[in-house]
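One structure below.
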Amino acid sequence: MSAHAQSLDVLHWWTSAGERRAVDQLVQQLDKRGLGWNDAAIPGGGGMAAVKVLKGRVLAGDPPDVAQVIGRTLTDWADLGLVLPLDDVAQRGRWKGAMFPVVLQVVSHGGRIVAAPLGVHRINTLFYNQALWARWKLPVPRSWDDVAQAASALRRAGVTPLAWSDEPWQVATVFETLLLAEGGASLYAELAGAQRPSAWADARVLRALTRLRWLRQLAGESPGEQRWTSSARQLFRGEAGMLIMGDWVGGELMAWGAQAGRDYACAPVPETAQMHLYSVDTLAMLQSRRKRDAAQEKLADIVTQPSVQLAYNQAKGSVPVRTDIDPSQLDDCERDSWQTLAHPGSRVVPSIAHRMAADESTKDALADALHRFVTDPQQTPERAQERLVAIVKGAAR
Ligand code: GAL
């Protein structure tokens, strides 16, 4: 029995050290305000397992009270009437005036607010190990040439240039940053938003595939499907020099005692400066026979408060969903992300791999095709591109 007057079951996939630390911030803040958090965490990066368990529970008529449901999955579920609208909470909390436009867009559907936003992750992030950079006097990796130069110096020093995993969602995460780098924000918007097959047939997509193969070669022999935390560990220990991954890696490194600017640094993936490839984490309040509306609304209100936003996001590596926080409270990586989001000249585009732009099955099919491409050296980039075009055509039907 919980000591609280009210408790809510919360299903999510934040089980690594950094993710756990961030969740603990929420749990503590809710606790102070008399609301209990019954944790139903399902391990597995990118929520691959969590979403399956969640679907099963919803179909069985036993949904958790609150769940991390994001992007297209969120809007699809809102269409099915599965989530509690939060318009009153949003109005009382003046979300409209306080939140980034892209955040409001992600939580709005059919004229209603359908989830409470927690934080904005930047996917186009390249992490590198500062000690290695200082020791070998490597160039800040701003261009692919810089990356290539750093990679050969690291290799000579016996260090793996780039940490890598063949896990499909991780390959897809790296690949979308390459689509943005090679195609720019306009082509990317057509690939992700409109999902036009002719855009997927563009020569720049082929270049992104070739770049993907090159990056995997930088990782050395058959890296396997290691968890993202294992790649972060290689970077932390200086066994690998670089890692391209969403900025939750920063939260993880911090949880292990590392500091941005001292032990590791971030740069936007080359050719993506002033661009923000985002994934917004959101908590949806699920409808069920158990009437919990008041507690669910209270949770949504608390997690979006400025102080809670700051505490949670500082630990998570992401940035607050609000524009009215003090960016000097954020670390170097987070501040660059927040400022890029806040800058009117920036291009802000949605993640395909993290459900912001494609539905669950399309993003899985794309990730699967990319996984096959990187693990089969016989498969040409041209063939891989045909697969991608076919998937997008199929989804458009
Ligand atoms: C993303 C999620 C992040 C992070 C990551 C790794 O999908 O938005 O919060 O936890 O997966 O599991």
Side-chain angles (χ1 to χ4, degrees), residues 10-26 39-54 66-74 102-103 106-107 115-125 127 163 165 167-177 192 225-233 235 243-256 266 276-284 303 309 311-321 333-334 337 341 349-360 362-364 366-367:
V10 190
L11 192 147
H12 58 88
W13 61 84
W14 299 308
T15 53
S16 76
E19 292 173 329
R20 200 60 253 175
R21 239 179 106 228
V23 167
D24 286 345
Q25 300 298 324
L26 301 178
D39 204 79
I42 312 286
M48 300 307 294
V51 171
K52 290 199 181 82
V53 172
L54 184 58
V66 185
Q68 192 197 10
V69 184
I70 65 179
R72 274 292 300 273
T73 313
L74 172 65
V102 66
V103 170
V106 164
V107 296
L118 279 181
V120 187
H121 277 297
R122 188 181 199 181
I123 306 292
N124 54 323
T125 311
F127 289 89
S165 167
E167 218 187 341
W169 76 266
Q170 295 193 58
V171 176
T173 300
V174 175
F175 181 64
E176 65 186 15
T177 73
E225 295 192 16
Q226 67 180 0
R227 289 188 216 150
W228 68 268
T229 47
S230 303
S231 295
R233 181 68 74 181
L235 182 84
L243 171 60
I244 294 175
M245 188 40 59
D247 54 11
W248 46 85
V249 164
E252 199 63 13
L253 297 171
M254 277 186 259
W256 297 336
C266 305
H276 198 294
L277 178 44
Y278 68 85
S279 177
V280 180
D281 279 329
T282 49
L283 290 177
V303 301
Q309 274 291 303
Y312 165 84
N313 284 293
Q314 278 169 332
K316 189 70 163 61
S318 45
V319 297
V321 296
C333 298
E334 295 167 339
S337 167
L341 269 185
V349 293
S351 164
I352 306 168
H354 295 271
R355 308 177 175 82
M356 296 296 117
D359 59 37
E360 206 66 40
T362 309
K363 75 127 178 101
D364 285 346
L366 291 170

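Counting starts at 1 for both ligands and their atoms, following the listed order. What you see is a predicted model, and the numbers here were worked out from it, not measured in a lab.
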Handout entry: atom 8 (O) of ligand 1 - nearest protein heavy atom and its distance
Key = Asp281 OD1, 2.6 Å
Practice task
Using a strict cut-off of 4.0 Å, indicate which atoms of ligand 1 neighbour a heavy atom of Gly46.
Solution key: 6 (C), 7 (O), 11 (O), 12 (O)
Exercise for the section: Would you mind checking if Arg355 and Glu360 are paired as a salt bridge, meaning a charged N to carboxylate O distance below 4.0 Å? Expected result: yes
Problem - Per-atom contacts, ligand 1 versus His121 - under 4.0 Å to a heavy atom - result: 3 (C), 9 (O)
Practice task
Run the numbers for me: atoms of ligand 1, each under 4.0 Å from some heavy atom of Gly45, listed by number.
Solution key: 12 (O)
Exercise for the section: Run the numbers on Val349 and Met356 for side chain to side chain contact (heavy atoms under 4.5 Å, CB included), then give the verdict. Expected result: CA-CA 9 Å; Val349 293; Met356 296 296 117; over 6 Å; no
Exercise for the section: Name the closest protein heavy atom to atom 10 (O) of ligand 1, giving the residue it belongs to and the distance to 0.1 Å. Expected result: Glu19 OE2, 2.4 Å
Exercise for the section: Could you tell me whether ligand 1 has any atom less than 4.0 Å away from a heavy atom of Lys316? Expected result: yes
Exercise for the section: Looking only at distances, please establish whether an N/O atom of ligand 1 is found under 3.5 Å from an N/O atom of Trp248. Expected result: no
Problem - Any N/O pair Gly47/ligand 1 closer than 3.5 Å - result: no
Problem - Side chains of Thr282 and Val69 in contact at under 4.5 Å (non-hydrogen atoms) - result: no
Problem - Nearest protein heavy atom with distance in Å, relative to atom 11 (O) of ligand 1 - result: Trp13 NE1, 3.3 Å
Exercise for the section: Look only at the side chain of Trp228 and the backbone of Gln170, and say whether a donor-acceptor pair between them is shorter than 3.5 Å. Expected result: no
Exercise for the section: Write out the residue and atom name of the closest protein heavy atom to atom 1 (C) of ligand 1, then the distance separating them to 0.1 Å. Expected result: His354 ND1, 3.5 Å
Problem - Donor on one side chain, acceptor on other, Ser351 and Glu176, under 3.5 Å - result: yes
Exercise for the section: Could you establish whether Gly246 and ligand 1 come within less than 4.0 Å of each other, counting only heavy atoms on the residue side? Expected result: no
Problem - Min side-chain heavy-atom separation Gln25-Lys316 under 4.5 Å - result: no
Problem - Residue pair Asp39 / Arg20, side-chain heavy-atom distance below 4.5 Å - result: yes
Problem - Expected output: side-chain Glu19 to main-chain Trp248 donor-acceptor under 3.5 Å - result: no
